[in-house]
Asks: 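A single structure is presented below for examination.
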Amino acid sequence: YTVWAAIWVTWNIFIICFYLEVGGLSQDSELLTFSLSQHRSWWHEHWPGCLHEEVPAAGLRAPHGQALVSGAICALEPSSVEALHSGLQILIALLGFVCGCYVVSVFTEEEDSCLRK
């Protein structure tokens, strides 16, 4: 779990940097989509505070239940929502790590007390 939590925290730090365009990263790059999709952000397309303007893609067909969004007016910037979502994921991973360490220490103390008797 420790290894997974470290990978998860690292990934979410990257996502925060990507959407806030820190360190030369740009949302306009094809970094996350690998040039395979027109979709940039799930929150941009599904955020309840956004008014969407759907456009048919030339030669591309959007998967069922999805539409390509060219322009959206949002109450809260979708990149901020992505960053907040990743920040929440980091907090949850760190909480899980701390709880895991506590459980391991409790079991270790129980084993030590059994060996001393």
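The analysis underlying the following values was restricted to heavy atoms, covering all of them including side chains, and did not include hydrogens, waters or symmetry mates. Predicted model only: the values in this text are computed from it and were never measured.
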Asks: Can you sort out the partners of Cys17 under side-chain contact (heavy atoms from CB on, under 4.5 Å), two or more places apart, ordered by chain and number?
Replies: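 In terms of side-chain contact (heavy atoms from CB on, under 4.5 Å), with neighbours along the sequence ignored, Cys17 is linked to Ile13, Val22, Leu25.
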Asks: Take Phe14 and Trp11, measure what ring pair (Phe, Tyr, Trp, His ring centres under 6.0 Å) needs, and give me the verdict at the end.
Replies: CA-CA 5 Å; Phe14 166 74; Trp11 171 253; 5.4 Å; yes
Asks: State plainly whether one hydrophobic cluster holds both Tyr19 and Val9, where clusters connect Ile, Leu, Val, Met, Phe, Trp and Tyr through side-chain heavy atoms under 4.5 angstrom apart.
Replies: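 The answer is no; the residues belong to distinct hydrophobic clusters.
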Asks: Just distance, no hydrogens or angles: give the donor-acceptor pairs under 3.5 Å from side chains in residues 86-105, sequence neighbours left out.
Replies:
{"from": "Ser86", "atom 1": "OG", "to": "Asn12", "atom 2": "OD1", "distance (Å)": "3.3"}
{"from": "Ser86", "atom 1": "OG", "to": "Glu82", "atom 2": "O", "distance (Å)": "3.3"}
{"from": "Gln89", "atom 1": "OE1", "to": "Trp8", "atom 2": "NE1", "distance (Å)": "3.3"}
{"from": "Ser105", "atom 1": "OG", "to": "Tyr102", "atom 2": "O", "distance (Å)": "2.7"}

